[in-house]
Amino acid sequence: MTAGTQDELKTKLRKKFSAHEVGEMCCLGRCHENAAFHVNGTNYSGTDIDSIDSICKKEYSTAEKYNVGNMGSPILTNTHAPFDDYYKIFVKVLQTDPLQCLAELKDSGLRGRGGAGFSLAFKLESCRNVEDDMKFIVCNADEGDPGAYSDRYVMEQRPHALLMGMMIAGYITGASVGVVYIRGEYPESVKIISDAIAKLHAHNFLGKNILGSNFNFDFKVIKAQGAYICGEETALLSSLEGQRPEVRVRPPYPTQKGLFNKPTVVNNVETLANLPFIMRNGGKAYSSIGTPKSTGTKLISLDGHFNKPGIYEADMGTPLRVIIDKLGGGFKHPVKAMHIGGPLGGLVPVSKIDDLTLDFDSFAKEGFLLGHASVVCIPEDYPLIDYLEHLFRFTAHESCGKCFPCRLGSTRGYEMIDKARTSDYKMDRELMDDLLETLETGSLCALGGGLPLPVKNALKYFDAELAPYFKK
Amino acid sequence: MGKTAFINDQLFEIKDGETILSFVRRHIGKDIVPTLCDAPNLDPFGACRVCSVDVALVKDGPAKAQASCHTPVMAGSFIYTDSERIKRLRKNIIELVLTDHPLDCLTCEVNNNCELQTVAANVGIRDVRYPDGKNHLDKKKDLSHPYMTSDFSKCINCGRCVRACDEVQGEMVLSMAGRGFDSYIVKSYNDTFSESDCVSCGACAQACPTSAISDVFESKSVVADKK
């Protein structure tokens, strides 16, 4: 259930269900209209709750609707060719030298859309260069960042862009198995992707010696079980192996020793879904969009605080102001900050909007993070101390428990803030700074390592609001 | 000289494939970089992070803190084992560990032979500044077994026992359960030592840096306890 609408929703659900039948689930990807809930394998949101009687009788399907729009040179949100025409790209790829495909990818400058912004061509090449008879392409569709639902959009509206992207990645690296690791909170995505894979089988695009080539490829869909940490690539691989999703040390990198110790490429949905465009139009056509260091377009998820919440696609380098005003139609009510790029992204005060453009470098330069480009608004009247408490609580809940800084630090940070929030206890600023530094420099992965960014942003830009909670 | 790197601005030769930790220990001494989750007979794990050192690409250049136990030495890099930032990081990690530790050293079985105690003394902890919070101090001792005992109120979740059980003995009786702060060591299906499939090899007790798991007849106490 989406945080702000939980209480009302629970009250309504309790009229129909008993207390032990109503539980809690993580984000269902309905950030655009909130009031999200899940009944027996199906997601609902918005005003769906008013039809709870019909939902229980299975006579109702969700009325969910969100805006989809774009500006510039859209790649993912524009209309795609019908199935047979679309897969001509793949037929052409099979007749091309994989090294030529890799060269196009290098020209494209495509960087990973999951948060780290790592070069896709570099990853694929590194996996290709490891000799092994078994390799994997893993799609990280464990879209757990609150506020992000762009991967859900791609899976449900553009499933073949993703699947073909994975097949192309398999062709380039010599991998024969594609694993789509989809979060269990997205039952619709699981179904649509599974159906799309069945269609590929029916058209003989999968299996051994596809279309007479020597390329073998098939898919496996995995329904993830709801831990945010499984979006971290090494924890995801452990989870796929049926192990405790603990973050692994690197090196070895997944491209050397990944799933079942075999060379593995792990990439985000949106990244892989860009491959068909690059193969059809060439790497240069892709890199001509966006900025020199952040090429192509980016999907943006706007939440329910915008006048036009939805999924939008804009060229990298588009001013943030244009995205907010032109695409999102401005804020519905006064907002003081936006949390951009997931819980580990930066907290952007509205005063910084005009300094930012939609690309990795602009965000990094200003001390924020583009991440997944999900936007969660913090209303003017929402206390930031509550937001910080929520961030620490989230990290403490989702920490895998392996590295000391994150396991202990996230809980101690949460306790400290909660105590300051609910009693006359005042936090020691030096201790808070020490804790943030310990998390940032000491954590094993980006969960503990990323939490300090929004907290530091908050302490910097909302110093006056937070001052009463600290010792003078 | 083959490939080389600097430790505190002094040049040393690298062995192929070695970690920063083994490189530093080989050249300037075993006790320079503290460790908790690392053990000589186990694979690098990277949990405690107290072995972190600063690594720069140029002399006095911008440095990145890296856990030395699992990071390979890069030729030509500049390793700083005791920068102010690193000393602060180690101290702050140990402070966090002590927020969930009994601090009853004087009466503890491994007093004066405890890795946590040694590291805490070396990083110079004088104070635990966090307010009281959740902890595992009320965990009950497991005295069910003729050879093995556990007292998980002393456990620091380094995972050495779990890895010893797996990597050294191939028994996989011990494992980590739960998540985040609530992670804890389980024996088989959360049994006591005597109900579990433990084969009494003692590898876990030997690996444990505190007294969380101990061996009745091979105590780590400085003066052997009467049993």
Side-chain angles (χ1 to χ4, degrees), chain A residues 226-230 234-235 243-252 393-420 423 425-428 430-445 447-449 471, chain B residues 17 19 36-38 43-52 54 63-67 69-72 74 83 85-86 88-101 127-136 156-159 162 175-186:
Chain A
Y228 181 71
I229 198 64
C230 293
T234 60
Q243 301 191 51
R244 176 181 165 78
E246 247 180 18
V247 175
R248 304 177 182 180
V249 295
R250 271 166 293 212
R393 184 154 47 97
F394 177 83
T395 309
H397 179 67
E398 300 295 354
S399 168
C400 77
K402 178 170 172 177
C403 82
F404 289 21
C406 179
R407 172 173 60 86
L408 297 159
S410 56
T411 292
R412 294 298 174 235
Y414 159 68
E415 288 168 348
M416 213 161 43
I417 293 176
D418 192 48
K419 194 167 178 186
S423 75
Y425 169 79
K426 304 287 178 207
M427 288 185 280
D428 177 351
E430 195 184 313
L431 177 58
M432 176 55 86
D433 289 344
D434 278 352
L435 173 62
L436 294 174
E437 188 190 36
T438 306
L439 283 164
E440 195 169 16
T441 54
S443 296
L444 174 59
C445 84
L447 179 57
K471 279 183 202 153
Chain B
T19 62
L36 281 175
C37 69
D38 188 69
D43 288 342
F45 192 55
C48 77
R49 321 303 286 172
V50 295
C51 71
S52 294
D54 260 333
K64 199 169 179 272
Q66 296 198 300
C69 71
H70 67 82
T71 308
M74 196 175 27
S83 65
R85 176 172 87 138
I86 290 298
R88 204 162 57 231
L89 174 66
R90 290 179 189 149
K91 194 171 161 178
N92 285 330
I93 293 173
I94 298 301
E95 182 182 2
L96 282 168
V97 174
L98 297 187
T99 60
D100 191 16
H101 199 76
D127 191 16
V128 175
R129 297 168 290 170
Y130 292 93
D132 287 346
K134 274 212 285 198
N135 58 63
H136 299 90
I156 60 168
N157 288 45
C158 66
V162 174
S175 51
M176 191 71 83
R179 64 201 253 176
F181 189 84
D182 302 325
S183 306
Y184 61 102
I185 305 289
V186 287

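All chains are named by letter (A, B, ...) in the order of the sequence lines, taking the proteins before the strands, and each is independently numbered beginning at 1. No hydrogens, no waters, no symmetry mates; every other heavy atom, side chains included, goes into these values.
The minimum heavy-atom distance linking A:F404 with B:V97 is given by the pair CD2-CG2, 3.5 Å. Across B:R49 and A:S443, no two heavy atoms sit closer than the pair NH2-O, 3.8 Å. Nearest approach of A:L408 to B:D100, heavy atoms of both residues: CD2-CB, 4.5 Å. B:A47 and A:P405 make their closest contact through O-CD, 4.2 Å (heavy atoms, listed as atom of the first residue, atom of the second, distance).
Residue A:T438 holds its OG1 atom at 8.5 Å from CD of B:E95, rounded to the nearest 0.5 Å. Within the model, atoms CG of B:N92 and CD of A:E437 stand 7.0 Å from one another, a figure rounded to the nearest 0.5 Å.
In terms of heavy-atom pairs under 4.5 angstrom with chain B, the leader among A:G442, A:G409, A:P245, A:S410 is A:G442. Most heavy-atom pairs under 4.5 Å with chain A, from the set B:G159, B:G46, B:P131: that is B:P131. With chain A as the partner, the residue from B:D132, B:T71, B:I93, B:D182 showing the most heavy-atom pairs under 4.5 Å is B:I93. The candidate with the highest count of non-hydrogen atom pairs below 4.5 Å against chain B, out of A:E398, A:K402, A:E415, is A:K402. Between chain B and the residues A:T441, A:I229, A:D434, A:T411, the largest count of heavy-atom pairs under 4.5 Å involves A:D434. Note on B:P72, B:C48, B:C69, B:S52: by heavy-atom pairs under 4.5 Å with chain A, the leading option is B:C48. Comparing A:A396, A:C406, A:P251 by how many heavy-atom pairs each has under 4.5 Å with chain B, the most go to A:P251.
For chain A, the nearby parts of B:I156 are the backbone and the side chain; heavy atoms of each come within less than 4.5 Å. Proximity to chain B (any heavy atom under 4.5 Å) is restricted, for A:R250, to the backbone atoms N, CA, C and O. Of the atoms belonging to B:Q66, not a single heavy atom falls under 4.5 Å from chain A. At a 4.5 Å heavy-atom cutoff, B:C37 makes no contact with chain A through either its backbone or its side chain.
Between the side chain of B:R179 and the main chain of A:G401, no donor-acceptor pair closer than 3.5 Å is present. Side chain of A:R244 to main chain of B:G178: a donor-acceptor pair is present (N/O by atom type, distance under 3.5 Å, no hydrogens or angles). A:K419 places no side-chain N or O within donor-acceptor distance of the main-chain N or O of B:G133, the cut-off being under 3.5 Å.
Under a cut-off of 6.0 angstrom, the local environment of NZ in A:K426 is crowded, with over 12 non-hydrogen atoms contributed by other residues, nucleotides or ligands.
Within the cation-pi definition used here (under 6.0 Å to the ring centroid, within 45° of the axis), B:K134 does not qualify as a partner of A:Y414.
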Practice task
Test A:R412 against B:T99 for side chain to side chain donor-acceptor pair (under 3.5 Å), laying out the working first.
Solution key: CA-CA 9 Å; A:R412 294 298 174 235; B:T99 60; 2.8 Å; yes
